[in-house]
Amino acid sequence: MKHVLTLGVALCCTLALLCHADEPHITVTIDTKKPGPIIHRNIYGQFMEHLGRGIYEGIWVGEKSRIPNKNGYRKDVLKALKELQVPLLRWPGGCFADEYHWQDGIGPRNQRKKTVNTTWGGVIDDNAFGTHEFLELAEMLEAEVYINGNLGTGTPREMAAWLEYMTSDSDSSLAMLRRANGRDKPWKIHYFAIGNESWGCGGNMTPQYYSDLYKHYATFLKTPSDNRPILIASGGTEAETIWTETLVKNIKPSWSLRMDAISHHYYTLPTGNWEKHGAALNFSEHEWFSTLWQSLRIEKFIEDNIAVLDEHDPDKTIGLYIDEWGTWYDTMEGDNPGFLFQQNTLRDAVVAAVNLNVFHKYAERIHMSNIAQMVNVLQAMILTDKEKMLLTPTYHTFKMYIPFQDAKTLAYNITGSPDYTSNDKRIPGLSASAAESKDGKIWLSLVNPFPSKPLKLKVKANEPIKTAQGSILTAKHMDTHNTFDKPENIQPEAFSAKADKGELVLTLPAKSIVVVELK
Ligand code: AHR
C-alpha cells in the first residue's frame, strides 16, 4: 500500500511538472491606473564635443566636401539623427568646454582662429564649427540646446558676453555682431552650464571653491526674461555626494542667483579600472557581466545624490542631470588614444537600455541625461569612416525607446525573476520599464541580460491585454556589431506576442531588448 501511494505521489508530481514546466514563473504586473512622473524627453539627450571625429567628419564636413552635405553638415548623419528624434544637444564639451573661447568660432570661417585642442589629441581646431553652426544644427534637428560655459579658463565677462551674443534682441554691439554674422533673431538657449567636471579637467577645484565661483559667474549671466536658460552647476562623479551636498548647501537662490540643476557623471568601464578599461570587442561572458554590473552601480549613485537633494531641497526644485554617461573601452590599436573612438556591440545596446530604465525610475529628479557621445566618440549612436556611415546597436536602443519620451511612468512589479550572478556579484535578471505615452498608449520595455538564457514571462495589467506589438534587438553573439561593410548586421526586428485570458505570455530571447505597445 505504501508503495502504491509513493508511486501515485511520484506520478502526480511528474505530471504536474510536465504540465507546469512551460509555465512562466516570472510575472510583470503593470498598474495602469497610477501614472507617476513624466519621463522628460531630455533623458534622451545627446552630447557632442570637439573631440576626435565627433564633430569634424562625424557631423560637419564643410560645404566643399565630397561627402554629400547640406550647408556643411553631412546628409546621412542628419537624416539618421532626425529619425532618432534627438530632443537635446549638449556642446562644446566636456573637458573641451573649459578651454573653449566662443569668439574663436564666429565670423567668416576662413578668418577664424586656429587653436590647439590640448585636451583631445593636440590637433588643430580651425573653429569651422562654432556657435552658429551648433545652433543651426539644433534647429535642423528641432532639438533643444545645452551650452556648456567656460569657467576653467574663461572669465565672468566672457561667459556673460556669450549669452548676450546668443540671446539679446537689443541693439547692443554683441547683438549687432551676431546679426552681422548672419543671424538676425536671438536663439532660444534652453540650458547653460557653468563649467564641467570642475573636480578634474575643469580646474581641479574643491566643491567649496567651485560653488563660490559658481555664484560669482551665475550672478552676471543676464538674458531677456523670456529667454532664461536653466542654469546647471557642475557636480560630482561616481559615488560622490559631496559635490551635490556642498552645492545645495552653499548656493541659496535669490533674485540675483539661480541654480536649477546639478550635473553628475558616470562612465561604465568593464573592469572598473581607468588603467585598463576592457575591450570593446571579443570579450568574455565574465566581462559582459562585469560591464552590466558596473553600469548598474549608477542606480545607487543616483539614489544617494537624490537623498541629499531631498534633504536640502524638499520641494524638488533642483534637477539631477546625468549629463555624461555610457561605456568607455580601451582604444583600439592604431587609433589616436585622444580620439576615444570605439566599436559598439549588442552589449552597448543592453547597457543603454538598462540605464534608460533606471533613469525612467528616477524621472522625478532626473530630467536630463546625455549619453557620451553622439557620433564617433565613446558609446556613439553613429560611426563614420570618411563617406561611410553606420548606425550602432545603441542607436537602435534609443530609437526603440522613442515612445518613452515625455511618457508618464507606470508602476510595475516583477515577481519570480532570477538574479544574474557571477562570483559574489548579482544584477537583476530582468530589467523593465512601463509608461503611458502622450497619445494614451501603454509601452513596456523588457531587457534580458543573460547571454544564453531565454526568459519566459507573463505580463498582466489592470485591464486584460490582448496583444503586444513592437520590436526586438538581439543577436547571436555578445559582441555582434555593425561594420562599414555590413552596416545592418544587427538591427531591430518586429516582435509581437499574444495574450491568453488577458495575460501576455512571452519568451524573451537571451541577451535581448524588447519594446512593445500593449493593446
Ligand atoms: O566624454 C569624454 C570626457 O569625459 C568629457 O570631455 C569629460 O567631461 C569626461 O571626463
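Numbering of ligands and ligand atoms starts at 1, following listing order.
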Discussion item. Is there a salt bridge (charged side-chain N to carboxylate O under 4.0 Å, His left out) between Glu136 and Arg183? Walk through the geometry before answering.
Written reply: CA-CA 10 Å; Glu136 276 159 29; Arg183 174 72 184 199; 6.0 Å; no

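- Of the candidates Phe134, Phe47, Phe96, Trp91 forms a ring-ring contact (aromatic ring centres under 6.0 Å, His included) with just one, namely Phe134.
- For Glu158 and Asn150, the side-chain atoms include no donor-acceptor pair closer than 3.5 Å.
- Distance check, rounded to the nearest 0.5 Å: CG of Leu281 to CD of Gln343 gives 5.5 Å.
- Among the candidates Asp125, Asp126, Asp104, the single residue satisfying the salt bridge (Lys or Arg N to Asp or Glu O under 4.0 Å) test with Lys113 is Asp104.
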Fill in: Criterion salt bridge (charged side-chain N to carboxylate O under 4.0 Å, His left out) on Arg228 and Asp260, from CA distance to verdict
CA-CA 11 Å; Arg228 278 209 189 115; Asp260 305 306; over 6 Å; no

Write 'none' if nothing qualifies; otherwise put on separate lines each N/O atom of ligand 1 with a protein N/O atom under 3.5 Å away and their distance to 0.1 Å.
{"from": "ligand 1", "atom 1": "1 (O)", "to": "Tyr267", "atom 2": "OH", "distance (Å)": "2.7"}
{"from": "ligand 1", "atom 1": "1 (O)", "to": "Gln373", "atom 2": "NE2", "distance (Å)": "3.0"}
{"from": "ligand 1", "atom 1": "4 (O)", "to": "Tyr267", "atom 2": "OH", "distance (Å)": "3.3"}
{"from": "ligand 1", "atom 1": "4 (O)", "to": "Glu324", "atom 2": "OE1", "distance (Å)": "3.2"}
{"from": "ligand 1", "atom 1": "6 (O)", "to": "Glu49", "atom 2": "OE1", "distance (Å)": "2.7"}
{"from": "ligand 1", "atom 1": "6 (O)", "to": "Glu49", "atom 2": "OE2", "distance (Å)": "3.0"}
{"from": "ligand 1", "atom 1": "6 (O)", "to": "Cys95", "atom 2": "N", "distance (Å)": "2.8"}
{"from": "ligand 1", "atom 1": "8 (O)", "to": "Asn196", "atom 2": "ND2", "distance (Å)": "3.0"}
{"from": "ligand 1", "atom 1": "8 (O)", "to": "Glu197", "atom 2": "OE2", "distance (Å)": "3.4"}
{"from": "ligand 1", "atom 1": "8 (O)", "to": "Glu324", "atom 2": "OE1", "distance (Å)": "3.0"}
{"from": "ligand 1", "atom 1": "8 (O)", "to": "Glu324", "atom 2": "OE2", "distance (Å)": "2.8"}
{"from": "ligand 1", "atom 1": "10 (O)", "to": "Glu197", "atom 2": "OE1", "distance (Å)": "2.7"}
{"from": "ligand 1", "atom 1": "10 (O)", "to": "Glu197", "atom 2": "OE2", "distance (Å)": "3.2"}

